[in-house]
Amino acid sequence: MRTPTSPRQLFQMLDSGRITREEFRARMAECAGEIIDEMQEDHLNPVAAFMEQVLSRRAASKLLRKHEEALIREVLQALSEVEDFAPARWLWNAAHPHMPLHAFFRSKREPVFRVVLLDAMPQLIAVTVEYGTPGMDGLVRENLRLRRDRRGRLGLERRQLVPD
């Protein structure tokens, strides 16, 4: 089974000719199906959906106390472009200001995605994230170091798993 691909990655694959239009449409339909399934879950269990939203807003608020929203969105966008980064499929549109910032954090809903630490300097950003399924070795903690290139875009410099 292939790892889920974010819509941004699918667009890049289509543009570079690595996938056909038909495969692009089929894989985009899978992404849309995931979103629709989650919307149905939220409709069936509004209390759990509300609690998840409260926790996600708290996570976003905690980051906003220390960093500007534009920086947080830029970091999330850069993470969405990291190859083989499972949460990329949830972060692909983080640069869009019409999407609420809290929508990118998944505190209890599986698979979870949490930003544990964000340390920003002008050219270098260190971020520690947790993602996956809590339980038997399902939650992954990773340190990622992002560096700005000559054009000012953030890109992955180093990636390292954090042992338990």
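Since we're looking at a predicted model, the values are computed, not measured.
Panel note: side chain His67, backbone Ala120; no donor-acceptor pair is recorded below 3.5 Å. Using a distance-only test at 3.5 Å, with no hydrogens or angles considered, a donor-acceptor pair links the side chain of Arg8 to the main chain of Trp92. A donor-acceptor contact shorter than 3.5 Å links the side chain of Arg114 to the backbone of Ser107. A donor-acceptor contact shorter than 3.5 Å links the side chain of Arg106 to the backbone of Glu110. Side chain of Arg147 to backbone of Leu124: no donor-acceptor contact under 3.5 angstrom is found.
A single hydrophobic cluster is not seen to contain both Val116 and Phe113; linkage of ILVMFWY side chains at heavy-atom distances under 4.5 Å, directly or through other members, places them apart. Leu139 and Val162 are members of different hydrophobic clusters when ILVMFWY side chains are connected at heavy-atom separations under 4.5 Å. Connection of Val112 to Trp90 is not established within any shared hydrophobic cluster, with ILVMFWY side chains joined at heavy-atom distances below 4.5 Å, either directly or through further cluster members.
When each of Arg153, Gln12, Gln9 is checked for a side chain to side chain donor-acceptor pair (under 3.5 Å) with Glu81, only Arg153 meets the rule. For the side chain to side chain contact (heavy atoms under 4.5 Å, CB included) test with Leu144, the passing option among Val129, Ile125, Val75 is Val129; the others fail.
Taking every heavy atom of both residues into account, Leu161 and Glu142 meet most closely at CD2-CG, 3.7 Å. The minimum heavy-atom distance between Met99 and Ala103, with the atom names listed, is CE-CB, 4.4 Å. The heavy-atom pair separating Ala88 from Ser6 by the smallest distance is O-CB, 3.4 Å. Residues Gln77 and Leu91 share a closest heavy-atom pair of OE1-O, 4.3 Å.
With a 6.0 Å radius and a threshold of 12 heavy atoms from other residues, nucleotides or ligands, His96 has its NE2 atom above the threshold. Within 6.0 Å of CD in Glu68 there are 12 or fewer heavy atoms belonging to other residues, nucleotides or ligands.
Within the model, atoms CG of Asn143 and CG of Leu117 stand 8.0 Å from one another, a figure rounded to the nearest 0.5 Å. Separating the CD1 atom in Ile36 from the CE atom in Met39 is a distance of 7.0 Å, to the nearest 0.5 Å. In this structure, CD on Glu41 lies 5.5 Å from CZ on Arg109, to the nearest 0.5 angstrom. Atom CG of residue Asn93 and atom CZ of residue Arg73 lie 9.0 Å apart, to the nearest 0.5 angstrom. Taking CD of Gln123 as the start and CG of Asp149 as the end, the distance is 9.0 Å to the nearest 0.5 Å.
Grouping Ile, Leu, Val, Met, Phe, Trp and Tyr residues whose side-chain heavy atoms lie under 4.5 Å apart, directly or via other members, places Met13 in a hydrophobic cluster with Leu10, Phe11, Leu14, Ile19, Phe24, Met28.
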Sequence neighbours excluded and cut-off under 3.5 Å, please list the side-chain donor-acceptor pairs for residues 55-62, or say none.
{"unit_1": "Ser56", "atom_1": "OG", "unit_2": "Glu52", "atom_2": "O", "d": "2.9"}
{"unit_1": "Ser56", "atom_1": "OG", "unit_2": "Glu52", "atom_2": "OE2", "d": "3.4"}
{"unit_1": "Ser56", "atom_1": "OG", "unit_2": "Phe105", "atom_2": "O", "d": "2.9"}

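Taking the charged nitrogens against the carboxylate oxygens, Glu74 and Arg148 do have a contact shorter than 4.0 Å, which makes a salt bridge.
With sequence neighbours left out, Arg18 forms a side chain to side chain donor-acceptor pair (under 3.5 Å) with Ser16.
The shortest side-chain heavy-atom distance between Phe104 and Ile72 does not fall under the 4.5 Å cut-off. Contact check for Pro100 versus Gln53: no side-chain heavy atoms found under the 4.5 Å cut-off. In this structure the side chain of Leu156 reaches within 4.5 angstrom of the side chain of Leu146, judged on heavy atoms.
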